[in-house]
Amino acid sequence: MSMQAVTSSVRARDLLDTLAALGQTHLVGVPDSEFKTLINTILEERASAYIPAVREDHAIAVAAGLYLTGKKPLVFMENSGLGTSCDALTSLAKVYRLPIPMLVAWAGYKGEDVPHHNVMGLGTEALLDAFQVPWFVMPTDVSELKPFLENVFDTAYRLQTPVAILVLPGGITK
Amino acid sequence: MNRRDIFSAIRGVANEHGFVVVAGNGLQARFLYDVGDRPLNFYMLGSMGLAPSVSLGIAMGRPDLPVIVVEGDGNALMGMGSMAMVGSQRPARFVHIVLDNSVYETTGGQPTISPAVRFTEIATGSGYQRACEATTPEELVALIEQALEAAAGPVFIRVPLELGEGRPARVPYTPPEVTTNFTGAMSQG
């Protein structure tokens with residue numbers, strides 16, 4: 001998506017470096033345009049950590065397998081993928097108590113995007129609430145990034161639950 | 001072949017060689033438990049179609065451990081995209097077994113569309129190193145051992161399955177117990 005909902009943003013480089021510093025071992029998911037630079041950078045620098053998934057529910061399943069072996073995977077997707085992932089969230093990640101963080105691009109934010117994004121855009125928070133998946137909006141100020149992510153990962157592990165990090169349109173740049 | 005024979009054979013070869021065994025939801029998970037629980041088993045209780053992808057994650061996280069995933073044809077049809085992921089990542093010692101009876105057994109035996117599909121060709125087409133069929137427990141064990149020995153990439157085995165076998169009780173673990181049991185086994189080596 002190409003809309004911008006923010007006046008500042010986090011550089012993909014800073015996000016990747018912070019994730020690595022916090023021990024994330026793998027990035028697995030289906031690309032969204034919001035993650036273009038993030039993915040291209042990881043492909044250049046740490047390709048073995050990147051796992052392309054065919055569908056977002058399969059991304060969560062692969063992440064589940066990685067977590068079960070002691071790894072710290074992060075899933076990424078557009079919020080359309082939350083719809084695709086409902087069963088993986090409700091019958092795998094939640095009930096098996098798997099602390100999987102998901103970076104979710106917020107397409108259809110405020111319903112002001114292309115039509116096929118807007119129903120999910122307006123329903124994203126309610127969907128996550130319905131499944132008791134804690135969600136957090138990623139800050140656009142890099143100085144807040146590390147404490148934010150530490151808190152998100154700590155919440156995931158403490159509550160033994162998947163969590164969603166919602167990325168506002170334009171929230172990550174080169 | 002029937003499931004009891006299949007899972008007994010799998011249990012034997014799995015114990016001998018230290019395989020992780022993942023069973024898809026439905027009767028596969030129940031029979032895997034029923035022939036004898038083991039720490040390296042992972043039971044999918046829901047998430048139809050996702051067993052091979054969970055197994056792929058396990059294989060990628062612990063490349064030192066060989067992995068067997070067993071699912072029914074309904075599961076395989078639902079999660080067919082996972083075969084492309086398995087084929088593209090090519091875990092070296094990964095055996096994907098589909099027990100094919102062409103019905104959704106736990107919901108009352110309604111037909112699946114598996115008769116229209118050639119799973120072994122889809123596996124080969126998805127990048128599996130080898131795809132074959134087994135019609136006896138001895139054949140199944142031999143194919144699994146060959147896959148282990150070759151360590152050359154994922155192997156797919158279709159097993160035609162009889163109908164009309166008894167149905168064991170549900171796996172007695174809650175999902176968090178399945179997680180705790182498995183992660184406990186992982187941390188022990």
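The chains referred to below are lettered A, B, ... by the order of the sequence lines, with proteins before strands, and numbering in each begins at 1.
No other option in R97(A), K71(A), H58(A), H26(A) has as many heavy-atom pairs under 4.5 Å with chain B as H58(A). Of the residues considered (V28(A), V54(A), L68(A)), L68(A) shows the highest number of contacts with chain B, using heavy-atom pairs under 4.5 Å. Counting heavy-atom pairs closer than 4.5 Å to chain B, the top-ranked of the candidates I51(A), T90(A), I60(A) is I51(A). No other option in G81(B), P176(B), S187(B) has as many heavy-atom pairs under 4.5 Å with chain A as P176(B).
Heavy atoms of other residues, nucleotides or ligands lying less than 6.0 angstrom from CD of Q132(A) number 12 at most. Around CZ of R167(B), the count of heavy atoms belonging to other residues, nucleotides or ligands within 6.0 Å exceeds 12. Around atom CD1 of I113(B), no more than 12 heavy atoms belonging to other residues, nucleotides or ligands sit under 6.0 Å away. No more than 12 heavy atoms of other residues, nucleotides or ligands lie within 6.0 Å of NZ in K146(A), so this atom counts as exposed by the packing criterion. Heavy atoms of other residues, nucleotides or ligands lying less than 6.0 angstrom from CD of Q110(B) number more than 12. Within a 6.0 Å sphere centred on CZ of R90(B), other residues, nucleotides and ligands contribute more than 12 heavy atoms.
By a heavy-atom distance cut of under 4.5 Å, D87(A), A88(A) are the residues of residues 79-88 of chain A near chain B, going up by number. Below 4.5 Å, heavy atoms of chain A meet heavy atoms from S47(B), M48(B), G49(B), L50(B), S53(B), V54(B), L56(B), G57(B), I58(B), M60(B), G61(B), R62(B), all part of residues 47-63 of chain B.
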Quiz item: When you look at T69(A) and M186(B), which way does the side chain to side chain contact (heavy atoms under 4.5 Å, CB included) test go after all the steps?
Solution: CA-CA 6 Å; T69(A) 61; M186(B) 287 296 105; 4.0 Å; yes
Quiz item: Would Y96(A) and F182(B) satisfy side chain to side chain contact (heavy atoms under 4.5 Å, CB included), going step by step from the backbone distance to the final call?
Solution: CA-CA 11 Å; Y96(A) 281 78; F182(B) 190 80; over 6 Å; no
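Every residue was checked against the ring pair (Phe, Tyr, Trp, His ring centres under 6.0 Å) condition with F148(A), not counting sequence neighbours, and none meets it. Residues satisfying the ring pair (Phe, Tyr, Trp, His ring centres under 6.0 Å) criterion with Y173(B), sequence neighbours excluded, are Y33(B).
L98(A) touches chain B through its side chain: at least one heavy atom from C-beta onward sits under 4.5 Å away, while N, CA, C and O do not. The contact between P52(A) and chain B is made by backbone and side chain atoms together, counting heavy-atom distances below 4.5 Å. With a 4.5 Å cut-off on non-hydrogen atoms, A53(A) touches chain B through its backbone and its side chain both. Both the backbone and the side chain of L45(B) come within contact range of chain A, each with at least one heavy atom under 4.5 Å from a heavy atom of that chain. In this structure, the portion of Q89(B) lying under 4.5 Å from any heavy atom of chain A is its side chain and not its backbone.
Transitive grouping of hydrophobic side chains (ILVMFWY, heavy atoms separated by less than 4.5 Å) keeps V119(A) and M77(A) in distinct clusters. M78(B) and M85(B) fall into different hydrophobic clusters, where Ile, Leu, Val, Met, Phe, Trp and Tyr side chains are chained together by heavy-atom contacts under 4.5 Å. Connection of V142(A) to F136(A) is not established within any shared hydrophobic cluster, with ILVMFWY side chains joined at heavy-atom distances below 4.5 Å, either directly or through further cluster members. When hydrophobic clusters are built by joining Ile, Leu, Val, Met, Phe, Trp and Tyr residues whose side-chain heavy atoms come closer than 4.5 Å, directly or via intermediates, M1(B) is not grouped with V103(B). Tracing side-chain contacts under 4.5 Å through hydrophobic residues (I, L, V, M, F, W, Y), one never reaches I100(A) starting from V30(A); they form parts of separate clusters.
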